[in-house]
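To start, the structure itself, in structure tokens.
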Amino acid sequence: MTPREIIRKALEEGRTKLLEHEAFEVAKYYGIPTPNAVLVKTPEEAYKYADEIGYPLAAKIVSPDITHKSDVGGVKLFIKNKEEAYKAVEDILTTVPQKAPGARITGVIIYKMAPPGVEVIVGGLRDGVFGPIVMFGLGGIFVEVMKDVSFRIYPISTEDALEMIDEIKSAKILNGYRGQPPVDKQALADIIVKTAKLLAENEEIESIDLNPVLAYPQGAMAVDVRIILKQKG
Amino acid sequence: MNALSKFFQPESVAVIGATPKEGKVGRAILENFISRFKGRIYPVNPNYDEILGLKCYKSVKEIPETPDLAVIVVPAPQVPQVLRELGEKGTKAAVIISGGFRETGTKEGAALEEEVVKISREYGIRIIGPNCIGIFDNWSGVDTFFTTKMRKPPRGYVAFISQSGAFATALMDWMAYHGIGVSRAISYGNKVDVDDIDLLEYLGEDDKTKVILMYIEGIKESRGRLFIETARKVSLKKPIVVYKAGKTSRGGKAAASHTAAMAGDYSVYKAAFKQAGVIEVESFDEMMDVVRIFLDQPLMRGNRVYIVTDAGGVGVMLTDALTNAGFEIPVTPPDLKEKLRSILPPHNIVENPIDLTGDADDERYIRVLELLANREDVDAIVVVALPQIPGLKGTFVDYIAKIKEETKKPVVALTIGSEISIETAKRLQEKGVTVFESPERLAKALKALRTYSLHVARFKGL
């Protein structure tokens with residue numbers, strides 16, 4: 001499905017937040033690297049796709065009614081083979097309805113877990129005065145406590161995005177420290193530019209958070225994508 | 001011709017609500033026009049046949065021509081009627097000074113404002129205001145600043161756009177006191193029509209404006225992108241200095257996402273200024289320092305600053321301040337060292353900061369400055385001229401000014417002290433050498449000049 005179709009479907013169903021697999025698909029459409037992911041409905045499907053996706057796998061419940069997935073037994077991590085994948089999805093599909101009775105269940109998303117990297121956040125928002133804006137910051141404490149983030153207004157060039165990355169106070173961490181190699185800023189800049197474009201081209205989107213994006217010496221990947229649509233009316 | 005030229009270069013003006021009564025806005029504005037405006041002036045007021053020696057008209061209809069500009073000072077409920085008559089007459093520019101519109105927070109006020117907007121669209125009249133002090137144009141004499149106790153600044157090249165009328169008045173007064181020349185100042189009040197963007201566009205084309213200073217609290221909804229585009233275009237022609245008030249973020253906003261939680265108004269404005277190539281200042285001191293440096297100094301092509309001082313301590317203070325601001329204070333290269341050694345007494349220090357010490361005289365300054373002014377590896381010169389030492393004669397000011405005139409690099413000065421220092425500063429300033437009293441403020445202003453130079457180089461090439 002195209003982003004347009006995904007968004008229309010969500011709106012038709014009265015949802016203002018895209019489901020995980022939908023958000024991944026929208027991001028992927030704009031060339032933002034995301035984990036290889038499949039939405040499965042049954043343990044058999046998980047068994048069938050697991051090898052193709054690669055290990056270690058994560059499995060997470062997909063439901064418009066559930067926010068805290070692990071609280072209801074909806075998350076399994078570090079799945080090593082297709083038998084474990086079968087078991088994990090089977091567990092999730094039996095436990096979740098017991099712990100969250102009445103919650104609509106779309107399926108289970110299984111995806112390849114990304115190797116550890118430097119956690120950063122890329123965000124986008126529609127501002128009343130300036131229109132689409134993008135944000136960049138380092139993950140965790142840097143954003144939440146230090147509010148160490150930078151902003152730009154659409155349209156932006158790769159050069160603007162690189163400037164944004166270097167503008168945050170904790171940018172030194174991205175340049176490598178304690179023997180760590182520097183991260184691929186070009187890949188991050190690319191994600192920022194694409195996020196801005198995604199937001200600009202889809203009027204219905206109110207905000208987008210790629211949190212975290214894992215930055216590596218080569219490449220970067222958005223491992224969690226959250227897309228909020230405008231409230232109707 | 002720009003759409004706004006009728007506001008700034010009208011050939012005729014109607015002052016609707018003009019009055020002979022002392023202490024009234026309608027009188028102050030009429031007096032302003034009489035004293036400096038060269039075009040035709042038409043006071044309008046049904047109660048008088050003549051005001052301050054000018055024939056007074058009962059209504060807009062009676063005016064024998066179509067006035068280019070109308071200044072409206074009548075009470076708010078009468079404004080729509082006046083505006084309609086102006087529309088029929090064919091006037092295309094109106095400054096509405098009167099208050100009593102949306103700013104009152106009342107339904108009546110909001111309704112009146114909507115009517116004003118409707119009529120202006122219907123007739124194609126551009127509006128500045130309502131609820132504003134309007135325009136102070138130092139070149140054409142269009143002057144609706146009814147603040148009679150304000151000293152008028154000399155004619156010059158700084159334009160000021162202000163969301164606050166009172167601040168505009170105070171700043172004009174301050175600039176008058178400090179002898180800084182002004183081209184045009186505008187405060188647009190409720191800005192139902194003409195806003196910051198229109199004014200930027202106009203002032204960008206204005207050959208009497210070399211620096212644009214803006215005080216803003218907020219840009220109109222959905223106009224942000226156009227602001228950035230316009231400011232970027234204008235900023236390549238002349239620097240735009242912005243002071244943004246209302247920096248604290250909108251509190252209590254339910255945050256749907258991380259980004260929303262982080263995006264206070266101010267952080268977004270900061271980004272916008274950066275992208276637009278606008279120089280943002282964070283204090284009143286900085287605002288005026290930056291304006292002064294832009295008025296007098298050429299672009300700064302690199303990052304290397306040389307300091308010439310007669311006081312070692314101040315040289316060190318400056319080195320700290322400039323380094324913190326991101327400048328390089330290069331080690332004097334061998335060839336320059338050799339030349340300096342050959343012209344300076346042995347007790348002088350030829351390392352940068354170059355210390356001419358307390359027995360310095362005019363000659364010593366001039367020879368060192370001449371050397372630096374012609375070097376490719378010097379991007380700016382800071383002259384510390386503490387005039388308390390016995391060897392300096394009055395002429396040294398003229399030498400510095402001459403070098404500033406001849407070189408293509410920024411030359412700024414620092415003096416600290418009592419009357420003798422203030423006098424030196426004043427003389428240097430008059431000759432286009434920007435003078436500071438504080439090393440930190442000097443460094444900040446020079447940094448703004450460097451930032452702007454980089455912006456121009458990036459988008460235009462140097």
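Chain A is the first sequence line, chain B the second, and so forth, proteins listed ahead of strands; every chain is numbered from 1.
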Is it true that, when you exclude [X] itself, more than 12 heavy atoms of the residues, nucleotides or ligands shown sit nearer than 6.0 Å to its [atom1]?
X        : atom1 : result
B:Lys220 : NZ    : yes
B:Phe284 : CZ    : yes
B:Arg121 : CZ    : no

For this session: Sort by residue number and list every member of residues 152-163 of chain A having a non-hydrogen atom under 4.5 Å from chain B.
Result: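 Hits under 4.5 Å: A:Arg152, A:Ile153, A:Tyr154, A:Pro155, A:Ile156, A:Ser157, A:Glu159, A:Asp160, A:Glu163.
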For this session: May I ask you to test the A:Leu11-A:Glu204 pair for a side-chain heavy-atom distance under 4.5 Å?
Result: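 Yes. Closest side-chain heavy atoms under 4.5 Å.
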For this session: Inspect the contact between B:Glu205 and B:Lys238 and indicate whether a charged nitrogen and a carboxylate oxygen are less than 4.0 angstrom apart.
Result: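 Result for this pair is no, no salt bridge flagged.
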Answer with side chain, backbone, both or neither: which region of [X] has an atom nearer than 4.5 Å to a non-hydrogen atom of chain A?
X        : value
B:Lys274 : side chain
B:Leu226 : neither
B:Glu221 : both
B:Arg225 : both

Exercise. Distance-only, no hydrogens or angles: does the A:Arg126 side chain make a donor-acceptor pair with backbone N or O of A:Leu199 under 3.5 Å?
Worked result: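 Yes, A:Arg126 side chain to A:Leu199 backbone: donor-acceptor pair under 3.5 Å.
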Exercise. Is the NZ or CZ atom of A:Lys194 positioned over A:Tyr30's six-membered ring, under 6.0 angstrom from the centre and within 45° of the axis?
Worked result: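 No cation-pi geometry.
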Problem set entry | Heavy-atom pair with the smallest gap, counting every atom of B:Val268 and A:Phe130 |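 Closest heavy-atom pair between B:Val268 and A:Phe130: CG1-CD1, 3.5 Å.
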